[in-house]
J.: 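I'd like to ask you about the structure that follows.
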2 protein chains.
Amino acid sequence: MAMKKKPVTGMKDILPKEMAIRDYAIGLIKETYRSFGFTSMETPAVEHIENLTSNQGGENEKLIFKILKRGEKLDAAVESLTPETAGNLTDSGLRYDLTLPLSRYYANNEANLPSPFKALQMGPVWRADRPQRGRYRQFMQCDIDILGEPDILAETELVLATTTLLGRLNFKNFTIRINDRRILKAMAAWSGFKEEDYESVFITLDKMDKIGLSGVKEELIGMGYSEETVSRYLGLFPQSEEAEDGVDSAANSTDAPEQLKKLQTTLGEYLPEEISNNLATIIAGVEGAKAADFRMKFDPTLVRGMSYYTGPIFEISMDEYGGSVGGGGRYDEMIGKFTGQATPAVGFSIGFERIIMLLLENGFEVPGAAAKKAYLIEKNMPADKLQKILAKARTEREAGTIVNISVMKKNKKFQKEKLAEEGYTDITEFFKDREID
Amino acid sequence: MAMKKKPVTGMKDILPKEMAIRDYAIGLIKETYRSFGFTSMETPAVEHIENLTSNQGGENEKLIFKILKRGEKLDAAVESLTPETAGNLTDSGLRYDLTLPLSRYYANNEANLPSPFKALQMGPVWRADRPQRGRYRQFMQCDIDILGEPDILAETELVLATTTLLGRLNFKNFTIRINDRRILKAMAAWSGFKEEDYESVFITLDKMDKIGLSGVKEELIGMGYSEETVSRYLGLFPQSEEAEDGVDSAANSTDAPEQLKKLQTTLGEYLPEEISNNLATIIAGVEGAKAADFRMKFDPTLVRGMSYYTGPIFEISMDEYGGSVGGGGRYDEMIGKFTGQATPAVGFSIGFERIIMLLLENGFEVPGAAAKKAYLIEKNMPADKLQKILAKARTEREAGTIVNISVMKKNKKFQKEKLAEEGYTDITEFFKDREID
């Protein structure tokens, strides 16, 4: 029998040391989000293939782990199979995110849910991505969403909840960048881009922090857009002589209102005033009530990949980690695809795996961990003495101590060293011929 | 676009009310098992198809959700496909239990794990079973296992940990039945059954509580076994005139030592004395140190389905629920199939979903739940006032109160009624033209 010891390609076994941090983080996440009025919910890991491939998932739809049909349905699909009908082999797949299942869940259960519905989801998702360091094909996602709330109170609370959590996990000095899809579009429209080109223009804009202003310009012109349109467009982004890439796009929270007002004046009728005002109000609301040490910035170059966003979008960046460690935004049109009725929605997802990786790298110690004691007992301890030892352990466990009982091994010195590595330095030994006190 | 609202067949969306109980139970399980020295661990949901179909999973191997190969490998499998080579379409599947993945995990990570390794696993498993009331195709399993400990200390601690947990979840008056696969085999051998028939004899014996002594006799004789062998076999089970099914198989903990000794005397050389003595010691150890209100019984009719068990086996039954709500046993030979080296192993699994169902049915209230307050704010609250409201919420949240902020709706009376249903009876309203204090 050829049993395979390694996990399947791109997935990982989680060792006890990491699990202790994960368990702690999960507990803290649930407690923190609960204090903001979010309630836990869960969807199955398996979703209808029709939903997974409904163009809500962007690039992720190419990465689905598909599940084979079973029984007679599989037989029928196999019998008539050609390379063109390979799609008939599957009826479902593993979810690639928690947003699409949330939409289905809300459509299915709306009558039994509060309105607005403040959802907290934590669970694994799967993507058959090319395996690479630090990225796995199964990973935990952690999303909060508010469904049914059109007011920017929703955005403000999502940012406050997420940043409060990060603060409680000892993260400091990070940045929340915020923008609005409608500002992105207004800037593109004002510059003269056509609506059908917006998404590809944004994909290039998104590279600003990597290739700089000149790189973006070059790429846009290379894509065939006119020099005039491109110059007009890039002139909208605040230039800076100090910044290495020539653009100092993100305004901090004190400068944001002014920058937003200036942009609004320039864009005129392309940008309804309410949109820029709302963004300023979100920034002010967060700044006035935040419980963690971070900066909030308006960043007109922030794009966020998913095309389903319809309003404000936000992203967390940390100095310790190059990329984004979370993000989200408003997606007012997705739920309606299930319910047939427009439902405002906004969500914020933290990069759980990246956060755990950072905690592990920084040698994070779980606070308030229980005291640990080890009992070593001789082999074949008589029943009456074993009873006494177990009763003693019971008393200590009920008082909150972790008691780990093992049978003595021949190499007791080595055994004790190993126990000490696990944090068991307080070791009591019990012998058959001695009294148990 | 045809979006499907319902979950896939046989799987379920979990609503907030149930999730609150699940979250609480998961926290309590982790805390309780941790106090016994167990550490959390996790394996991917997806396993190699070779491992899943290696004959360790019994009937469950027929119920695997298989995952399609991807890319060129799928193309190649499709191109040369015949009904006979349909197996080539898949390279992996969803795990149907946590025991097989644990064995692979231990083989893969042994060098980095303590010895003995006390593992706590909680996670979903999948079985493409015929959907039926209360049974789902995705369900949570919750297992504790001790790997590398041959002493019955392991069995004793597993029973104590599990029953302590059930007690902390307010379960009372349940029963832990215990037996040993080697006692089952010795009884069959002594009676004259051939070794290759043991498993089918045990399948019939397992029905004792449903079809009674006469039913078991009839079925065994119908299977072609001699009247003499069958009578000799059934004579080993304590008869009772009171019991409806004619057999009073389970001895309570006070009678168990005597019954075990009697059985041992009858079976003689078929049953090494150590085996029955060990069972008596486990029962005594548990009785002497137990922290919950339950009975422990020796039950020679207890079979447990999985053929991988090699020693003591146990099962939890509750009056409130007809069937078993958990069980386990020793399986000393499975790990060696991965490592090539025999490793003693014993595990106990609780029926998480059944336990949650019982808690829901009994109207279980999560103890120590935080106080809940709702804020209702007028639409388009000015930024400075919104700041004050959010800061007020922050102070209350930091003091441990759940604060749920929503924008006032037109039908405020209905909105308040709905909030009250969610437990928000303490409601504060905030208006644009009034001071925020």
Side-chain angles (χ1 to χ4, degrees), chain A residues 1-8 11 13-16 19 23 30 35 37 39-44 46 48 50-51 54 65-68 70 78 81 83 86 90 92 104-105 107-109 112 114 128 138 151 153 281 284-285 288-289 291 337-338 383 386-387 390-391 394 397 402 404 407 422, chain B residues 1-8 11 13-16 19 23 30 35 37 39-44 46 48 50-51 54 65-68 70 78 81 83 86 90 92 104-105 107-109 112 114 128 138 151 153 281 284-285 288-289 291 337-338 383 386-387 390-391 394 397 402 404 407 422:
Chain A
M1 197 176 335
M3 303 288 257
K4 293 189 169 182
K5 288 189 190 187
K6 297 270 167 215
V8 297
M11 302 194 188
D13 287 336
I14 305 176
L15 289 171
M19 274 306 290
D23 280 350
K30 297 213 165 180
S35 79
T39 49
S40 288
M41 55 151 285
E42 214 177 277
T43 67
V46 181
H48 300 285
E50 297 88 340
N51 291 354
S54 61
F65 282 99
K66 293 175 181 164
I67 293 175
L68 264 180
R70 297 151 300 282
V78 166
L81 196 70
T90 181
S92 54
R104 188 197 50 67
Y105 176 98
N108 187 34
N109 300 295
N112 298 309
Q138 170 177 326
D151 197 278
L153 170 67
T281 306
K337 300 218 161 107
F338 283 93
L386 183 62
Q387 271 193 2
L390 294 170
R394 175 189 160 181
R397 284 165 178 162
I402 293 173
N404 189 4
V407 172
E422 304 295 315
Chain B
M1 198 177 331
M3 302 288 259
K4 294 191 167 179
K5 288 189 191 186
K6 298 269 166 216
V8 297
M11 300 194 190
D13 286 336
I14 305 176
L15 289 171
M19 273 308 289
D23 280 349
K30 296 211 165 181
S35 79
T39 50
S40 287
M41 54 150 285
E42 214 176 277
T43 67
V46 180
H48 301 285
E50 296 87 339
N51 291 353
S54 61
F65 282 99
K66 292 175 183 166
I67 294 175
L68 263 179
R70 296 152 301 283
V78 165
L81 196 70
T90 180
S92 54
R104 188 197 50 67
Y105 176 99
N108 188 34
N109 300 293
N112 298 309
Q138 171 179 328
D151 197 278
L153 170 67
T281 306
K337 298 215 163 113
F338 282 93
L386 184 62
Q387 272 193 3
L390 293 171
R394 176 189 159 179
R397 284 165 178 161
I402 293 173
N404 189 5
V407 172
E422 304 294 317

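Side chains are part of it too, since the values below use all heavy atoms of this structure and drop only hydrogens, waters and symmetry mates. Worth saying up front: this structure is predicted, and the values here are computed from it rather than measured.
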J.: Does any heavy atom of chain A fall under 4.5 Å from the side chain of Thr39(B), the backbone, both, or neither of them?
T.: side chain
J.: Counting only non-hydrogen atoms closer than 4.5 Å, does Gln138(B) touch chain A with its backbone (N, CA, C, O), its side chain (CB onward), both, or neither?
T.: side chain
J.: Can you name the closest pair of heavy atoms from Val46(A) and Val8(B) and give their distance?
T.: O-CG2, 3.8 Å
J.: Could you tell me whether a side-chain N or O of Asn51(B) sits under 3.5 Å from a main-chain N or O of Lys4(A), the two making a donor and an acceptor?
T.: yes
J.: Nearest heavy-atom pair of Ile14(B) and Tyr105(A): which atoms, and what distance?
T.: O-OH, 2.8 Å
J.: Under the criterion side chain to side chain contact (heavy atoms under 4.5 Å, CB included), I'd like the reasoning laid out for Ile67(B) against Leu68(A): C-alpha separation, chi angles, the key distance, then a yes or no.
T.: CA-CA 6 Å; Ile67(B) 294 175; Leu68(A) 264 180; over 6 Å; no
J.: Minimum heavy-atom separation for Ala128(B) to Arg70(A), with atom names?
T.: CB-CD, 3.5 Å
J.: Name the member of Gly37(B), Pro16(B), Pro83(B), Ser35(B) that forms the most heavy-atom pairs with chain A at distances under 4.5 Å.
T.: Ser35(B)
J.: Shortest non-hydrogen contact from Gly288(B) to Ala391(A)?
T.: O-CB, 4.2 Å
J.: Does any heavy atom of chain A fall under 4.5 Å from the side chain of Leu15(B), the backbone, both, or neither of them?
T.: both
J.: Which answer fits Leu153(B), side chain, backbone, both or neither, if we ask what part of it has an atom under 4.5 Å from a heavy atom of chain A?
T.: side chain
J.: Between Gln387(A), Arg104(A), Lys30(A), which residue shows the highest count of heavy-atom pairs closer than 4.5 Å to chain B?
T.: Arg104(A)
J.: Taking the side chain as every heavy atom from C-beta outward, state whether Thr281(A) and Leu386(B) have any atom pair closer than 4.5 Å.
T.: yes
J.: Checking side chain to side chain contact (heavy atoms under 4.5 Å, CB included) for the pair Met3(B)/Glu50(A): CA distance, chi angles, key distance, verdict?
T.: CA-CA 7 Å; Met3(B) 302 288 259; Glu50(A) 297 88 340; over 6 Å; no
J.: With the side chain counted from C-beta on, respond yes when His48(B) and Pro7(A) share a heavy-atom pair under 4.5 Å apart, and no when they do not.
T.: no
J.: Counting only heavy atoms closer than 4.5 Å, note whether Asp13(B) contacts chain A via side chain, backbone, both or neither.
T.: both
J.: Taking all non-hydrogen atoms of both residues, which atom of Arg394(B) and which atom of Ala289(A) are closest, and how far apart?
T.: CD-O, 3.3 Å
J.: Output the option from Asp23(B), Asp151(B), Leu81(B), Thr43(B) having the highest count of non-hydrogen pairs under 4.5 Å with chain A.
T.: Asp23(B)
J.: With no hydrogens and no angle check, is any side-chain donor or acceptor of Glu422(A) less than 3.5 Å from a backbone partner on Pro114(B)?
T.: no
J.: Determine the option with the most heavy-atom pairs under 4.5 angstrom with chain A, choosing from Ser92(B), Ala383(B), Ala291(B).
T.: Ala291(B)
J.: State the NZ-CG distance between Lys5(A) and Asn108(B), to the nearest 0.5 angstrom.
T.: 8.0 Å
J.: With a 4.5 angstrom heavy-atom cut-off, could you sort out which part of Lys6(B) is near chain A: side chain, backbone, both or neither?
T.: both
J.: Which heavy atom in Gly285(B) sits nearest to a heavy atom in Leu390(A), and how many Å separate them?
T.: O-CD1, 3.8 Å
